[in-house]
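Single-structure report; data block below.
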Amino acid sequence: MATNVFYEEDGGFKVGAVLTDNDTSLQVEAPHGKRSKIKSAAILLRFSSALADFLPAAEQQAAEIDIDFLWECCGDAEFDAATLAEDYFGHKPSALESAAIALRVHGAPMYFYKKGKGRYKAAPHEALQAALAGIEKKKRQQQQIDGWVDACRAGQLPEEWKPHLMSLLWRPDKNTLEWKGLEAASKALQVSPLKLVAERGGISSVPDYLLAGFIMEHFPRGRGFPVFEAVEMPAGLPDAGVEAFSIDDSATTEIDDALSLTRLDNGNWRIGVHIAAPTLGVGPDSDVEKLVFQRLSTVYFPGEKITMLPDSLVEQFTLAEGRHCPAVSVYFEVAPDDYRILGHESRVDSVKITANLRHDWLETVFNEDTLAHDPGRDYPYKHELRVLWEFANALEVGRGKADSNQQQRLDYNFAIVDGKVVLTPRRRGAPMDKLVSELMILANATWGGDLAAAGIPAMYRAQTAGKVRMTTAAEPHVGLGVPQYAWSTSPLRRAADFVNQQQIVAMVRGETPRYKRGDPDLFARLRDFDVAYNAYGDFQYQMERFWCLRWFSQENVSDITAQWIKDDLVRLDGLPMATRVAGLPEMASGERVRLQVARIDELALEIEFRVLGKVTPENA
């Protein structure tokens, strides 16, 4: 009498010696001694041969069975293992042969579909061929992956990866064979995908690598502009009756703002701030407005920029020299003795732009030295610039932000010339910078206040408790010292200014504003702009940091001095860069330290220094 059973449990096959046998269940003992209770329905066959040897022998015999011939033997109907075993072997099968068939069938799910305990059905011919083709494809793919891994081990970068490197590193499709190969090679060599590619020459330019990732993330349709409907210039605008001039960097094409100065009959000054007015030609829900809300801001980085608006449209509305340009203007009546603001009014008008003054020329004639020591020197717009400069100083004092130490700090302009970075220092708070910034702060604060008073919502920059944030409420900006601040002076470059200009134009003309209080579209625009503007700023920071790191090797600089800021943070001398340095000595405000470059990783944007000691009068 058979004392052992071959049964199915948990998706596999087991054997056991029968201890007790009831009608519906059995208690069995496995070869290793574990006892289990199983249902009678789970038993496929009974046998009396040695328990421990049965399953290994059945598995060995199963491995020798030709699976294709076995599939051909079974026909279209459902079957159990014992029936198929008899057809396959051509005689009444032994328990071992039946078990071998069961194991072989169960282990080939492509060939045989499971229909119940011990029952199967042959896969249709078409389904089987498709499954086998899939297996063959996976085999070929694995061979390809293995080949790529071997190439990487040999220090090579697979040719098939090269057209897809940036997408593999920045936005990989993990279903592609190239990504699976890169991932397998990275695991095999225990390095990151980025390091693996870089070490094999796959990143020839770090700026290009950073730019590619930025474009994929924020400009998935590419940097180019789609075809858009023509924009008509506004007609019939009243002449402002002033001659205005702008002050910008020589590379600036999006000239958003200009200034004018007029002596009134009562002896007071009328100072005009004139802002380019693309919203007068760009209608709601137009192609161009949709483009504004897709791009949200011009992106600046060393040597390049990605404009918010296409060049052709910028050319239409930029405040170019020698043209009458549509503008949204705010005029301030100012006392000539102490530069008190006596009143203001806003208009939508046409302004004659008589000059586009550029920094590289203007700073040579209009600076701290010429203002203090060469008052007799003559140059274009000298009178207007001096009056506006004095007005700007009064505005700065009025905001409570006058700082005698400000001009000791340096800002830097970046230029990339023949692949090299050129850093041009400029004293912070230089007259031409202060003049423009103070008048723009005044315009933004004034228009923000007027919109709030009119009950028209806008996008504001607010700062309370040290945190700057975007909001639709007119809240104070403590850092600037103004009761509210609504970006409105760069509508060719920022979506927030574009939106605010739409609201200002409606306010000036007495029309229904595009966005009403509580408008969800306005909140959506604000959120999208804030996220994008911060991301664009982060990208600009990354690119500037790279070029600062490149400067060390370019100029063959191995040590540098730095000024202590706080804790382990220092500002490097001669570079627009702050960094953390381990091992600083105890330092006080204003003290400087000498550092030696220990390591630079341009791709990771990292730099490490060794501290050489404090800068003293003896070693300065």
Side-chain angles (χ1 to χ4, degrees), residues 148 151-152 154-173 176 178-179 181-183 185-186 189 191-225 249 251 295 297-307 311 412-424 532 535-558 560 572 574-579 597-608:
W148 286 339
C152 290
Q156 300 169 4
L157 188 67
E159 288 294 327
E160 295 87 347
W161 295 0
K162 292 181 180 179
H164 314 289
L165 279 180
M166 293 303 104
S167 59
L168 285 172
L169 294 173
W170 285 107
R171 301 191 73 180
D173 180 349
T176 63
E178 290 80 8
W179 167 255
L182 177 56
E183 184 179 41
S186 298
L189 298 173
V191 295
S192 68
L194 176 58
K195 187 173 182 181
L196 184 147
V197 170
E199 288 178 346
R200 284 148 188 80
I203 299 176
S204 58
S205 166
V206 175
D208 288 349
Y209 161 74
L210 295 174
L211 179 59
F214 176 77
I215 295 297
M216 287 181 189
E217 179 69 22
H218 298 284
F219 294 85
R221 298 182 181 90
R223 295 176 57 171
F225 290 93
D249 183 84
R295 296 214 167 196
S297 174
T298 290
V299 184
Y300 296 95
F301 53 100
E304 254 193 291
K305 65 180 177 181
I306 303 172
T307 57
D311 292 344
Y412 291 82
N413 289 333
F414 283 82
I416 310 302
V417 181
D418 297 328
K420 294 186 175 182
V421 61
V422 178
L423 297 171
T424 306
Y536 296 175
D538 289 343
F539 173 66
Q540 180 178 356
Y541 167 80
Q542 289 181 333
M543 294 293 270
E544 291 181 354
R545 185 172 179 88
F546 164 78
W547 285 111
C548 287
L549 297 183
R550 174 57 58 88
W551 177 87
F552 281 92
S553 58
Q554 174 185 300
E555 303 299 324
N556 197 28
V557 173
S558 59
I560 194 170
L572 302 180
L575 285 174
M577 179 178 170
T579 190
V597 177
R599 182 184 71 90
I600 293 179
D601 186 336
E602 292 181 349
L603 188 57
L605 301 178
E606 295 175 352
I607 186 168
E608 291 180 6

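Because only heavy atoms are used, hydrogens play no part in the values below, and waters and symmetry mates are left out as well, while side chains stay in. These numbers come from a predicted model, not from an experiment.
- Minimum interatomic distance between T307 and F225 (heavy atoms only, all atoms of both residues): O-CZ, 3.4 Å.
- You'll find the side chain of L603 stays beyond 4.5 Å of the side chain of F546, heavy atoms only.
- Using a 4.5 Å heavy-atom threshold, the side chains of C152 and L196 count as touching.
- In terms of heavy atoms, L157 sits closest to K162 at O-CE, 3.7 Å.
- Taking the six-membered ring for Trp and thresholds of 30 and 60 degrees, F539 and F214 have nearly parallel ring planes, at less than 30 degrees apart.
- Looking at heavy atoms from C-beta onward, L165 lies out of side-chain contact with I203 at the 4.5 angstrom threshold.
- At distances below 3.5 Å, at least one donor-acceptor pair connects side-chain atoms of R171 with backbone N or O atoms of M216.
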Query raised in the report: What do the steps show when you test T298 against Y300 for side chain to side chain contact (heavy atoms under 4.5 Å, CB included), and what is the final call?
Result: CA-CA 6 Å; T298 290; Y300 296 95; 3.5 Å; yes

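- Remark: side-chain polar atoms of R550 are not paired, donor with acceptor, to backbone N or O of E602 under 3.5 angstrom.
- Here the closest non-hydrogen pair linking L210 and W170 is CA-CZ2, 4.1 Å.
- Under a 3.5 Å cut-off, the side chain of R599 and the backbone N or O of E608 do not form any donor-acceptor pair.
- Here the side chains of R545 and I607 are in contact, with some heavy-atom distance below 4.5 Å.
- Side chains of E183 and S186 form no contact here, defined as non-hydrogen atoms less than 4.5 Å apart.
- Counting all heavy atoms, side chain and backbone alike, L549 lies closest to D601 at CD1-O, 4.2 Å.
- Between E544 and F414 the shortest side-chain heavy-atom distance falls below 4.5 Å.
- With hydrogens and angles ignored, the 3.5 Å screen pairs a side-chain donor or acceptor of Q554 with a backbone N or O of V421.
- Not counting sequence neighbours, the partners of R223 by the salt bridge (Lys or Arg N to Asp or Glu O under 4.0 Å) test are E304.
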Query - Criterion side chain to side chain contact (heavy atoms under 4.5 Å, CB included) on N413 and V422, from CA distance to verdict - result: CA-CA 8 Å; N413 289 333; V422 178; over 6 Å; no

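- Within the 4.5 Å cutoff, side-chain heavy atoms of F552 are placed close to those of I560.
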Query raised in the report: I215 and M166: side chain to side chain contact (heavy atoms under 4.5 Å, CB included), yes or no, with the steps?
Result: CA-CA 10 Å; I215 295 297; M166 293 303 104; over 6 Å; no

**Report entry** Full working for side chain to side chain contact (heavy atoms under 4.5 Å, CB included) between W551 and L572
**Finding:** CA-CA 12 Å; W551 177 87; L572 302 180; over 6 Å; no

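- For the atom pair W161 CH2 and L168 CG, the distance stands at 8.0 Å (nearest 0.5 Å).
- Between the OG atom in S204 and the OH atom in Y209 there is a gap of 13.0 Å [rounded to 0.5 Å].
- No more than 12 heavy-atom neighbours from other residues, nucleotides or ligands sit within 6.0 angstrom of OH on Y541.
- Contact between R295 and G222 at its shortest, heavy atoms only, is NH2-O, 3.8 Å.
- When side chains are defined from C-beta on, P172 does not count as touching S167, because their heavy atoms never get closer than 4.5 Å.
- Residue K305 holds its NZ atom at 11.5 Å from OG of S297, rounded to the nearest 0.5 Å.
- To the nearest 0.5 angstrom, L423 atom CG is 8.5 Å from E555 atom CD.
- E178 and W148 share no donor-acceptor pair across their side chains, judged by distance under 3.5 Å alone.
- For P302 against W547, the heavy-atom pair with the smallest separation is CB-CD1, 3.7 Å.
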